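Okay, structure first, notes after.
Note that the coordinates shown come from a computational prediction; the quantities given were computed from them, not determined experimentally.
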Amino acid sequence: MFKILKAEKLADKIYLMDVEAPRVARACEPGEFVIVKMDEIGERIPLTICDYDRETGTITIVFQIVGASTQRMAELQAGDAFQDVVGPLGNPSEFVSEDIEVLKNKKMLFVAGGVGTAPVYPQVKWLHEHGIDADVIVGAKNHDLLILEEQMRAVAGNLYITTDDGSYVRKGMVTEVIKDLVQEQGKQYDVCVAIGPMIMMKFVCLLTKELNLPTIVSMNPIMVDGTGMCGACRLTVGDEVKFACVDGPEFDGHLVNFDEAMKRQQMYKTQEGRAMLKLQE
Ligand code: NAD
Ligand code: FES
């Protein structure tokens, strides 16, 4: 069993938990994910690791209520436990294996949307711990839905917050901040990492393509069982077929076919849609 040490509501429908999982905490790197299962009847839920502490043997996960399983998960309290926490799974973010001296000369821009702020945090923190301060844009629908602000501020070089409704800092979507930084302020970046809802990643990529800014995205949202077995996370990257859970979750965003991935994601939600996808494959 994997004991929950802390359970906190971050915002409406968004929860954070610190979970005792020493083997995962010892081995994980930014970009990797775990699969959690509450009990015998619980669904397997893939979640990007938001933080880890190798010394205390704990990992932090952040999740949003999107259905019955995550609703049940949100009811867990400190002292309760998960039956399973499997991981670390997937591949670490590309920069983890790069030469630190080369990395120090790269200017990185992170773009986090909504709950996608959680998977961005360990990447920015890792860079900060290695002496690299990245710029970070965080977008949320409104001030109440903004998460991990203080944690992100502590590790980001510059933090740019924007809200869709203008209820905090500035009004507008993350793409408008990218345009401001690059086109108005003349900032130059070597790579952008965008993690958030699919529609955000699609529009960030359309813009960064125009700006000639290489962009990495995380295709975690299309995963279902996270094991390479269900086929849900199949996507086209360039002219290759990939599986987000096995080959990713991070990919070159300029090569991802977002429209196809979003269509599959919608179809996968219904039994009829899943049957249809099976027929097509
Ligand atoms: P949201 O809908 O509140 O959007 C967050 C921000 O994304 C917005 O504030 C805006 O700045 C930006 N955005 C949204 N649509 C945009 C568009 N068309 N153009 C430009 N920018 C746009 O986000 P949410 O409700 O917190 O997101 C939930 C989604 O995030 C879920 O679908 C979940 O699957 C996904 N998610 C993704 C990852 C990942 O690894 N990619 C991780 C966690 C959650
Ligand atoms: Fe099922 Fe990748 S999530 S195959």
Side-chain angles (χ1 to χ4, degrees), residues 30-33 45-48 63-64 66-67 89-91 93-95 108-120 123 136-141 145 162 164 172-179 181-183 189-226 228 230-270 273-274 276-281:
E32 294 178 325
F33 68 95
I45 302 173
L47 293 170
T48 311
F63 62 93
Q64 188 175 29
V66 289
L89 299 167
N91 300 297
S93 305
E94 221 172 76
F95 62 76
M108 294 183 77
L109 174 66
F110 285 82
V111 182
V115 192
T117 309
V120 166
Q123 304 199 17
V136 182
I137 300 171
V138 175
K141 278 197 196 82
L145 290 172
T162 186
D164 298 5
M173 298 208 175
V174 291
T175 36
E176 286 161 50
V177 185
I178 302 175
K179 278 188 213 158
L181 293 178
V182 176
Q183 293 177 325
Y189 296 102
D190 298 298
V191 63
C192 168
V193 177
I195 306 183
M198 296 279 273
I199 191 76
M200 177 203 97
M201 296 192 288
K202 173 185 165 172
F203 280 98
V204 167
C205 287
L206 286 173
L207 172 63
T208 57
K209 227 179 206 172
E210 265 176 48
L211 299 172
N212 244 328
L213 172 57
T215 300
I216 293 162
V217 295
S218 169
M219 298 304 281
N220 184 296
I222 58 171
M223 287 189 209
V224 173
D225 73 346
C230 72
C233 69
R234 210 177 96 148
L235 74 158
T236 308
V237 183
D239 51 13
E240 290 182 278
V241 171
K242 300 276 186 190
F243 288 86
C245 65
V246 178
D247 303 311
E250 295 182 4
F251 295 97
D252 178 342
H254 293 174
L255 297 181
V256 168
N257 184 332
F258 282 103
D259 292 337
E260 178 197 69
M262 286 190 280
K263 203 165 141 204
R264 279 183 67 85
Q265 191 185 27
Q266 283 310 317
M267 283 181 84
Y268 225 87
K269 286 186 180 153
T270 65
R274 288 195 290 278
M276 188 78 87
L277 285 172
K278 280 254 173 299
L279 278 179
Q280 290 169 0
E281 277 157 17

Closest contact, heavy atoms only, [X] versus [Y]:
{"X": "Met200", "Y": "Gly113", "value": "SD-CA, 3.5 Å"}
{"X": "Ile195", "Y": "Pro119", "value": "CG2-CG, 3.7 Å"}
{"X": "Phe243", "Y": "Gly231", "value": "CE2-CA, 3.9 Å"}
{"X": "Phe258", "Y": "Gly253", "value": "CE1-O, 3.5 Å"}
{"X": "Leu89", "Y": "Gly226", "value": "CD1-O, 4.3 Å"}
{"X": "Asn91", "Y": "Glu32", "value": "C-CG, 3.9 Å"}

Pairwise side-chain contact, [X] with [Y], heavy-atom cut-off 4.5 Å (strictly under):
{"X": "Met198", "Y": "Ile222", "answer": "yes"}
{"X": "Val237", "Y": "Asp247", "answer": "no"}
{"X": "Ser93", "Y": "Glu250", "answer": "yes"}
{"X": "Asn257", "Y": "Leu235", "answer": "no"}
{"X": "Val256", "Y": "Lys242", "answer": "no"}

#### Entry: Flag if over 12 foreign heavy atoms under 6.0 Å of CD, Glu94
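Atom CD in Glu94 is not crowded, with 12 or fewer foreign heavy atoms closer than 6.0 Å.
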### Task
With sequence neighbours left out, write down each residue that passes salt bridge (charged side-chain N to carboxylate O under 4.0 Å, His left out) with Asp190, or none if nothing qualifies.
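Asp190 satisfies salt bridge (charged side-chain N to carboxylate O under 4.0 Å, His left out) with no residue once adjacent residues are dropped.
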### Task
Check side chain to side chain contact (heavy atoms under 4.5 Å, CB included) between Val191 and all other residues, then give those that pass, not counting sequence neighbours.
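Only Met108, Ile216 meet the side chain to side chain contact (heavy atoms under 4.5 Å, CB included) criterion with Val191.
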As an exercise, state the distance from [atom1] of [X] to [atom2] of [Y], rounded to the nearest 0.5 Å.
{"X": "Cys205", "Y": "Asp252", "atom1": "SG", "atom2": "CG", "answer": "8.0 Å"}
{"X": "Gln265", "Y": "Met223", "atom1": "CD", "atom2": "CE", "answer": "12.0 Å"}
{"X": "Glu176", "Y": "Ile178", "atom1": "CD", "atom2": "CD1", "answer": "10.5 Å"}
{"X": "Leu207", "Y": "Met173", "atom1": "CG", "atom2": "CE", "answer": "13.5 Å"}
{"X": "Leu47", "Y": "Phe33", "atom1": "CG", "atom2": "CZ", "answer": "10.0 Å"}
{"X": "Cys233", "Y": "Asp225", "atom1": "SG", "atom2": "CG", "answer": "8.0 Å"}

### Task
Mark yes or no for whether Thr117, through its side chain, and Ala112, through its backbone, hold a donor-acceptor pair below 3.5 Å.
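Here the side-chain-to-backbone pair does not exist.
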### Main-chain N/O of Thr236 paired with Glu260 side-chain donor or acceptor, under 3.5 Å
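Yes, the answer is positive, given that a donor and an acceptor are paired below the 3.5 Å cut-off.
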### Task
If a pair satisfies side chain to side chain donor-acceptor pair (under 3.5 Å) and one of its residues is in residues 202-212, list it, with sequence neighbours excluded.
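Matches after skipping sequence neighbours: Lys202-Asp259, Thr208-Thr215, Thr208-His254.
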